[in-house]
There are 2 protein chains.
Amino acid sequence: MNNFNWQWWQYFLAIADQGSLSKAASILGVSQPTLSRQLLAMENQLSQTLFDRSTQGLELTTFGQGLLEECRLMQESALRLQRLADGQSQILSGRIRLSANEMIALYYLPNILPDFQDRYPQLKVEIEVNNKASNLDKRDADVAIRMFKPVQLDLIVKHLFDLPLNFYASQDYIEKHGCPQNSNEFLQHRLLGYDRDTQFEEGARRLGWNLKNESFMFRCDFMPLHLELAKQGGGIVGTHKSLCDRYGLVPIDVGIEIPPLPVFLVCHRDVQHNKRIRVMMDFLIERLEGALD
Amino acid sequence: MNNFNWQWWQYFLAIADQGSLSKAASILGVSQPTLSRQLLAMENQLSQTLFDRSTQGLELTTFGQGLLEECRLMQESALRLQRLADGQSQILSGRIRLSANEMIALYYLPNILPDFQDRYPQLKVEIEVNNKASNLDKRDADVAIRMFKPVQLDLIVKHLFDLPLNFYASQDYIEKHGCPQNSNEFLQHRLLGYDRDTQFEEGARRLGWNLKNESFMFRCDFMPLHLELAKQGGGIVGTHKSLCDRYGLVPIDVGIEIPPLPVFLVCHRDVQHNKRIRVMMDFLIERLEGALD
DNA sequence: TAATGGATATTCAAATATGAATAACTTTAA
DNA sequence: TTAAAGTTATTCATATTTGAATATCCATTA
């Protein structure tokens with residue numbers, strides 16, 4: 001009776017999402033001809049066409065569209081099952097994926113991760129460096145370091161500490177352009193700002209400032225570049241207090257207090273008891289704060 | 001990343017439900033060794049045991065139990081997908097499953113089904129004869145004839161007609177035992193009643209009677225037997241008015257009016273536009289009432 | 001116009017998964 | 001105690017599925 005292979009729905013969804021047999025096949029870990037034939041078999045059994053083919057790829061028919069939504073629900077179950085299963089794993093080998101933004105990845109993790117690998121040599125560590133919050137539901141990452149508190153209910157969140165922030169410039173810069181003495185002077189200086197990232201804008205608005213991204217002379221969302229620029233005397237950067245010494249930067253005090261940046265450690269509730277994930281989180285709890293020397 | 005085959009969950013659920021590789025394999029349409037190996041591969045990938053084996057079969061480990069519930073949700077999606085897909089089918093060949101109780105199956109369907117098969121020779125008709133309501137969610141049947149109005153929201157229900165009921169006995173019986181003239185006399189007679197089926201009991205209670213199953217002299221849930229017994233002069237039967245002529249039964253009027261039995265035609269909302277199902281329902285709407293000659 | 005790149009479908013040798021048969025075991029029934 | 005009937009695991013020849021290579025098509029670009 002129930003002769004429909006669930007794997008077919010998995011195939012169907014991958015093809016629909018990718019819009020191409022080749023891409024879907026590569027993600028699914030099968031070859032394009034295999035996927036082509038499986039899809040044909042599926043359509044054959046349904047006596048219905050799921051996708052319109054072209055040399056540009058595949059597009060859902062209206063029939064196929066009618067199945068997509070429920071298929072996504074099925075995928076959610078599948079993902080949840082995988083999390084539930086993996087969540088029980090007490091194996092200390094395999095891979096663990098950590099998500100962090102560029103600043104954490106570049107300035108804090110290198111100090112401590114070698115120790116982790118010494119302690120757990122069987123564990124392969126994969127770091128996803130990304131300003132976007134990666135999807136813990138889909139296990140794009142196992143553990144994430146976030147600078148904001150996630151609201152999603154099925155996530156386990158631990159507040160680690162707060163990163164003090166301030167404005168800094170190099171000694172060179174100050175000698176050349178002088179040190180601003182108040183906020184009006186400050187705004188006339190070469191401020192290193194953001195491009196599409198609105199986090200800073202929003203922070204400023206909460207402090208009652210009208211500081212648009214457009215007001216900055218130099219704009220870039222890749223924060224490490226701000227630091228390097230500031231180091232070369234390129235301008236004033238708002239960044240972590242713990243980094244100024246390393247970069248030979250001096251604080252600029254114009255009576256503006258930047259609220260410190262909270263740091264959270266996050267994992268999915270379903271996998272919180274996974275041993276690999278547990279040891280990674282414990283390690284980060286133990287060592288990350290100390291990495292801010 | 002997402003290297004888990006959805007088919008494995010299908011296997012997992014079937015094994016959990018059947019409690020045996022052999023049974024599950026037969027249902028899934030694979031061989032027992034195949035299923036045994038697939039399960040092993042699955043457990044291997046999870047590095048966890050899903051079932052404890054014995055020569056009696058397989059039993060879920062606590063780990064496996066933790067996955068069962070979500071797996072059932074996944075199955076619901078799979079079943080819904082299949083209904084949605086099948087629901088669009090405009091093919092007039094294949095099988096169609098009809099669910100009916102014993103009375104309908106035995107006394108009304110034989111009159112009309114041959115015409116259906118003449119009209120749609122490509123369609124194989126399967127009849128599930130069952131007093132229980134078969135599961136339209138799981139497609140145990142495509143179309144069901146029910147004597148009660150289903151409450152489930154995702155079912156399409158059409159009220160066909162009402163079957164008049166009355167009490168009957170054979171001429172022989174009446175000559176031998178006399179015809180009861182009032183309800184007190186009536187209750188002293190040989191009434192043919194039910195065993196575990198409480199539908200009649202409940203109907204009687206709604207009419208203000210205290211008529212327990214235990215009060216009957218002869219008890220059986222298989223209604224056609226009641227009719228045959230009554231025909232042989234075995235007692236008084238409460239049954240369809242339309243059957244009394246065929247069986248040479250005469251009505252017994254003791255001032256008790258049995259409310260007529262409503263007849264509903266039911267299919268799942270998801271498959272209501274399926275052509276096979278459509279023609280079967282149209283046929284039954286057209287012909288079933290006439291079968292009550 | 002011709003070349004390129006990206007797409008699906010087909011071919012065919014090779015790897016893989018399958019199932020009949022069987023082994024090994026346990027419970028139940030005789 | 002033995003036989004029967006049920007279970008899962010293993011073996012091995014077979015059948016199926018797979019993927020590299022290829023054909024073919026179409027849009028884009030030089």
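In what follows, chains carry the letters A, B, and so on, assigned in the order in which the sequence lines appear, proteins first and then strands, with residues in each chain numbered from 1.
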Between A:D52 (CG) and D:dC26 (C1'), how many Å, whole number? 16 Å

Can a donor-acceptor pair be found, under 3.5 Å and without considering hydrogens, that links the side chain of B:Q90 to the backbone of B:Q88? yes

Around atom CD of A:E69, are there more than 12 heavy atoms of other residues, nucleotides or ligands at under 6.0 Å? no

Does anyone know the first and last nucleotide of DNA chain C in reach of chain A, 5' to 3', at under 4.0 angstrom to a heavy atom? C:dG6 to C:dC12

With sequence neighbours excluded, what pairs up with B:E128 under the salt bridge (charged side-chain N to carboxylate O under 4.0 Å, His left out) test? B:R97

Contacts of B:F116 that satisfy ring pair (Phe, Tyr, Trp, His ring centres under 6.0 Å) - sequence neighbours left out: B:Y120, B:F283

Could you run through nucleotides 6-13 of chain D and give me one letter per nucleotide, 5' to 3': B if any protein heavy atom sits under 4.0 Å from the base, S if only the sugar-phosphate is that close, - if neither? BSBBBBB-

Run the salt-bridge test on A:D17 and A:R72 with the 4.0 Å N-O cut-off and return the result as yes or no. yes

With sequence neighbours excluded, what pairs up with B:D282 under the salt bridge (charged side-chain N to carboxylate O under 4.0 Å, His left out) test? B:R278

Please list all pairs passing the side chain to side chain donor-acceptor pair (under 3.5 Å) test where one or both residues lie in residues 47-64 of chain B, with sequence neighbours left out. B:E43-B:R53

With heavy atoms under 4.0 Å as the rule, sort A:Q18 into base, sugar-phosphate or nothing. nothing

Test item: B:E102 side-chain N/O and B:L225 main-chain N/O as donor-acceptor pair under 3.5 Å: no

